[in-house]
Amino acid sequence: MKKSTSWLFVWMWGAMVGGAWGIDFRMENKVYFGNQREPAVETTTIFYNGVVYDFLKKPAEITILENQRRIVLLDTERRVKTHVTLHEVEAFVERLRRRADEYSDPFVVFLGRPEFEHHFDPESRELTLSSRWITYRVLTVDAESAELAEEYRMFADALARLNALLNPKGLPPFPRLVLNAELQRREMIPKEVHLTIHSDRSLFPKKRTVLRSEHYLVRQISEADRTRVQQAIEFQNLFPQISFEQYQKQHLEK
């Protein structure tokens, strides 16, 4: 993923909370810039047997979240792998928060400890988290169970934190974590997410909707899904290990 899009993808799709995984399902995800017709990012996320496999279409990468202990990263183009523990990811993110606390800039302070006004329209099923700096507008669907809502949040949280580590010059994950928590509290998952950045000091023009994403839940795992999972496991066993720092460098060069 190009480094200009990596942190934006996180803010749309995804942060680590406790709990046990065991519900099998698939999510199809597409992220768009503004009003573009073609998605900038496409992923398929398969939740299977307590492990989450996230397949990025282009560039071809697979992220595997294993039982809340570690994250395995597979670069299927370069045919290499690396891993990082969830403890390492969480420690890095906490350092980000402490660093934001040291700034006097109100936008940076907000990014470290974001606070939103929450509004939900039961007729349109639209959840809005608004602030002076950032607004999320989310079309929601019921998660069908509290367990599925929790499982979705655990992965979305993990992905947000991981990408903050992979892309250190990007924006921190904390605003997205607030959204993830609110969705789980309501036992909902996103169907469509619109992100607006209001900051004059951001990389984008004031009050411009910079990203939107679409998410489609498939409740049953197919044979094709199992085949993709098995291939990811084979890659994991086959690919040589490189350091996380080397993998990160290659990731940012894409």
Side-chain angles (χ1 to χ4, degrees), residues 1-15 25-47 52-63 76-77 111 114 116 119-121 124-131 133-141 143 152-153 155-164 166-167 169-180 182-183 188-218 228 251-254:
M1 188 185 305
K2 294 180 180 179
K3 58 184 176 181
S4 60
T5 64
S6 296
W7 68 265
L8 293 170
F9 173 57
V10 173
W11 280 34
M12 303 304 290
W13 176 206
F25 60 99
R26 182 176 84 243
M27 292 286 291
E28 299 288 347
N29 314 286
K30 296 181 180 180
V31 180
Y32 300 82
F33 284 99
N35 295 318
Q36 289 183 351
R37 295 180 179 272
E38 296 298 321
V41 178
E42 293 183 76
T43 70
T44 298
T45 310
I46 300 173
F47 297 72
V52 187
Y53 303 83
D54 187 61
F55 298 86
L56 178 64
K57 184 175 181 179
K58 186 177 181 181
E61 295 178 351
I62 305 172
T63 301
T76 60
E77 292 181 349
L111 291 176
F116 293 95
H119 175 75
F120 180 70
D121 185 334
S124 65
R125 299 192 57 81
E126 182 174 289
L127 172 66
T128 302
L129 271 60
S130 58
S131 73
W133 308 105
I134 292 169
T135 297
Y136 280 108
R137 183 169 59 85
V138 186
L139 300 181
T140 67
V141 295
Y152 172 85
R153 180 194 173 185
F155 176 69
D157 279 4
L159 188 65
R161 287 181 167 131
L162 170 66
N163 277 273
L166 276 173
N167 305 283
K169 293 185 179 180
L171 295 179
F174 306 113
R176 178 65 203 219
L177 304 190
V178 176
L179 174 59
N180 292 344
E182 183 65 11
L183 287 168
M188 296 173 176
I189 59 174
K191 179 180 179 181
E192 190 171 317
V193 181
H194 295 255
L195 167 65
T196 304
I197 296 180
H198 306 277
S199 172
D200 290 326
R201 299 191 60 181
S202 73
L203 301 176
F204 307 95
K206 187 177 182 181
K207 294 187 178 179
R208 175 187 173 192
T209 300
V210 295
L211 280 184
R212 62 186 176 91
S213 64
E214 298 173 355
H215 308 276
Y216 178 63
L217 170 66
V218 180
R228 295 190 76 178
H251 173 87
L252 293 173
E253 289 173 349
K254 291 186 177 182

Interatomic distance, Ile189 atom CD1 to Arg153 atom CZ [nearest 0.5 angstrom]: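 CZ of Arg153 is found 15.0 Å from CD1 of Ile189.
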
Spatial distance of atom CG (Leu211) from atom CG (Leu195) [nearest 0.5 Å]: 6.0 Å

Carboxylate-amine/guanidinium contact Arg212 Glu214, below 4.0 Å: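 Answer for the salt bridge query: yes.
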
Pro39 side chain reached by Phe33 side chain, heavy atoms, under 4.5 Å: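 Phe33 does not reach Pro39 side chain to side chain.
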
pair Arg228-Phe55: side-chain heavy atoms closer than 4.5 Å: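 Touching, per the 4.5 Å side-chain cut-off.
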
Sidechain-backbone polar pair: Thr76 side chain, Ala60 backbone, donor-acceptor under 3.5 Å: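 Yes: the side chain of Thr76 pairs with the backbone of Ala60.
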
Cation-aromatic face contact Arg26/Phe47, 6.0 Å, 45 degrees: no

Heavy-atom pair of closest approach, residues Phe120 and Met188: CZ-CE, 3.4 Å

Atom of Ser124, atom of Leu139 and distance for their closest heavy-atom approach: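 Closest heavy-atom pair between Ser124 and Leu139: O-CD2, 4.3 Å.
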
Residues Thr140, Leu183; criterion side-chain contact (heavy atoms from CB on, under 4.5 Å); working and verdict: CA-CA 8 Å; Thr140 67; Leu183 287 168; 3.9 Å; yes

Flag for His215-Ser213: side-chain donor and acceptor within less than 3.5 Å: yes

Contacts of type salt bridge (charged side-chain N to carboxylate O under 4.0 Å, His left out), residue Arg137, not counting sequence neighbours: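 Here the qualifying residues are Glu126.
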
Verdict with reasoning, Tyr136 to Arg176, per side-chain contact (heavy atoms from CB on, under 4.5 Å): CA-CA 9 Å; Tyr136 280 108; Arg176 178 65 203 219; 3.7 Å; yes

